[in-house]
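All values derive from a computational prediction rather than experimental measurement.
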Amino acid sequence: MRRRSHHHWRYATAATAATVAIALTAGCGSDSDSGNSSGDDGPSAADAAQQRLADNPALADLVAAAQEEGALSLNWGLHGQGALDSLVDAFQEAYGLDLDVTLTPDQNMPGNTAKLIQEHNAGSPSSTDALLGNPELIRNAAQAGALAETDWAAVAPWTEGLASGDDMALSLLDQIPGFTYNTTLIGEDEVPRTAADVLEMDQAIASTPYAAQFNVLGAEEAMGADGVRDYLRAFEPEGYFGCGELNRVASGEFAALWISCGKNLADVVAEEGAPLETAVLTDAASVSSWYMGIPENAQHPAAATLFATWLVTPEAQELLYEHEFADNRLVEGSRTAQEIAEYEADGVTFTEVDYQFTALRHI
């Protein structure tokens, strides 16, 4: 039987909508104000929020409930410097909020998921108001009963098509895993084009201790189960480290990381001057989604839901890409979608690793 949590903000009134609209109007500034997170030619974040609130009492109710909760706690780890701070500031300004926000920059998604499930099983309040994770982790939390089913589109119609089929999660961004390498150690003519090419390289190639993305290569549309087992027997990494430790490639300790969790992670480090690039191999390409879910025992569910839905607005996605070099390929104007199209034009075929992919394959 499907479970639906009954959140306390669902008491829409005309007075609530009017109050929120007045507050947002008071907070709107000119395009030169810091609230304009959509670029010089677009509306300010507050203007865009006000437009979405028009004739949407459910969203107005959610804004009022979030303000009443007064706080938001997130155990999230983004990679771009100042990314989460910038997003939270823009979110608060968009809706005229004054929340006490606690940010714990934790990139250990498996650890965060396990902690949330333990908190749920113990009947304790969750330490994060929203869980951020890959499809496998989010699905594990949902199956454990630790996430609340949320009717995302009811309060945020622009999220249509972005939620998991069971409404347990909302997609935030998409990463393109690949072969991340040090450009001073691997020349342009040495960069592999296929997974088999990696096996022929003499340089020190590292991998992740959790074999990131290799399970995807076991899908029928990729190498298949037997093919990936044969490949892993032939692939002998020189060392292991996590996807967030690309400084070990940038420093020259290793020449490359295969498979990296996403080219955007290398792009973030390269923006600071590191000699890193990522090759997307023609026969081992995937697009991996990150999702957001609201814990069943979240302490501030309204604020978390409002934040999650705002993060997939065009202006929030633009700000996200500025810091993270990744966004949601399904949102209009996505630059990640443009990158994927360019790779496909060069003959790359992608496996889409989303919530449905994980559910169908019981990963």
For [X], check side-chain contact (heavy atoms from CB on, under 4.5 Å) against everything at least two apart and list the hits.
| X | value |
| --- | --- |
| Asp89 | none |
| Pro209 | Tyr240 |
| Ala337 | Arg329, Ser334 |

Given the rule that I, L, V, M, F, W and Y join up when any side-chain heavy atoms are under 4.5 Å apart, are [X] and [Y] in one cluster?
| X | Y | value |
| --- | --- | --- |
| Phe179 | Phe325 | no |
| Val249 | Val198 | no |
| Leu99 | Val63 | yes |
| Tyr321 | Leu265 | no |
| Ile117 | Leu131 | no |

Nearest 0.5 angstrom please: [X] [atom1] to [Y] [atom2], how far?
| X | Y | atom1 | atom2 | result |
| --- | --- | --- | --- | --- |
| Leu170 | Ile138 | CG | CD1 | 10.5 Å |
| Leu147 | Met168 | CG | CE | 7.0 Å |
| Gln175 | Cys261 | CD | SG | 6.5 Å |
| Leu311 | Leu319 | CG | CG | 9.5 Å |
| Leu306 | Leu59 | CG | CG | 6.5 Å |
| Asn140 | Gln143 | CG | CD | 6.5 Å |

Which heavy-atom pair separates [X] from [Y] by the least distance, and what is that distance?
| X | Y | value |
| --- | --- | --- |
| Glu315 | Ala48 | OE2-CB, 3.4 Å |
| Asn112 | Asn75 | ND2-O, 3.4 Å |
| Ala222 | Val216 | CB-O, 3.8 Å |
| Pro177 | Ile259 | CB-CG2, 3.8 Å |
| Glu322 | Arg335 | CG-NH2, 4.3 Å |
| Arg52 | Pro314 | NH2-CD, 3.5 Å |

Restricting to ring pair (Phe, Tyr, Trp, His ring centres under 6.0 Å), what partner residues turn up for [X], sequence neighbours left out?
| X | result |
| --- | --- |
| Phe241 | Phe254 |
| Tyr355 | Tyr291 |
| Trp152 | none |

Side-chain heavy atoms of [X] within contact of [Y], under 4.5 Å:
| X | Y | answer |
| --- | --- | --- |
| Val191 | Asp197 | no |
| Asp129 | Ser73 | yes |
| Thr336 | Leu173 | no |
| Ser207 | Phe235 | yes |
| Pro192 | Leu281 | yes |

Subject >> Worked verdict on Met292 versus Trp76 for side chain to side chain contact (heavy atoms under 4.5 Å, CB included) >> reply: CA-CA 10 Å; Met292 305 170 285; Trp76 281 21; 3.7 Å; yes

**OP:** Please go through Tyr210's hydrophobic cluster and name the other residues, only I, L, V, M, F, W, Y counting, with side-chain heavy atoms under 4.5 Å joining them.
**Re:** none

**OP:** Report the hydrophobic cluster partners of Val287, with the cluster defined as I, L, V, M, F, W, Y residues connected by side-chain heavy atoms closer than 4.5 angstrom, directly or transitively.
**Re:** Ile176, Val280, Ile340, Tyr343, Val348, Phe350

**OP:** Determine, stepwise, if the pair Phe307 / His300 fulfils side chain to side chain contact (heavy atoms under 4.5 Å, CB included).
**Re:** CA-CA 11 Å; Phe307 183 55; His300 312 106; over 6 Å; no

**OP:** Show your reasoning for whether side chain to side chain contact (heavy atoms under 4.5 Å, CB included) applies to Ile205 and Glu238.
**Re:** CA-CA 6 Å; Ile205 311 300; Glu238 295 289 333; 5.6 Å; no

**OP:** Any side-chain hydrogen bond (donor to acceptor under 3.5 Å, both in side chains) involving residues 182-191? Give me the pairs, sequence neighbours left out, ordered by first then second residue.
**Re:** Asn182-Thr184, Glu190-Gln203

Original post:
Any chance the side chains of Ser171 and Asn328 put a donor and an acceptor closer than 3.5 Å?
Top reply: yes

Subject >> Thr282 versus Thr194, side-chain donor and acceptor atoms under 3.5 Å >> reply: no

Run the side-chain donor-acceptor check on residues 153-161: report pairs under 3.5 Å with partners two or more places apart or on a different chain.
unit_1: Trp158; atom_1: NE1; unit_2: Thr309; atom_2: O; d: 2.8
unit_1: Thr159; atom_1: OG1; unit_2: Ala156; atom_2: O; d: 2.7

**OP:** For Asp100, check salt bridge (Lys or Arg N to Asp or Glu O under 4.0 Å) against everything at least two apart and list the hits.
**Re:** none

Original post:
Step by step, would you call Trp290 with Leu78 a side chain to side chain contact (heavy atoms under 4.5 Å, CB included)?
Top reply: CA-CA 11 Å; Trp290 281 12; Leu78 297 179; 3.8 Å; yes

Original post:
Does any pair with a residue in residues 266-278 pass salt bridge (Lys or Arg N to Asp or Glu O under 4.0 Å), and if so which ones, sequence neighbours excluded?
Top reply: Lys263-Asp267

Original post:
Taking atom CZ of Arg193 as the centre, does the number of heavy atoms from other residues, nucleotides or ligands within less than 6.0 Å exceed 12?
Top reply: no

Original post:
Is a side-chain N or O of Thr278 found less than 3.5 angstrom from the main chain of Gly178, in a donor-acceptor match?
Top reply: no

Original post:
Do the rings of Trp258 and Tyr231 sit parallel, tilted or perpendicular, given the 30° and 60° boundaries?
Top reply: perpendicular

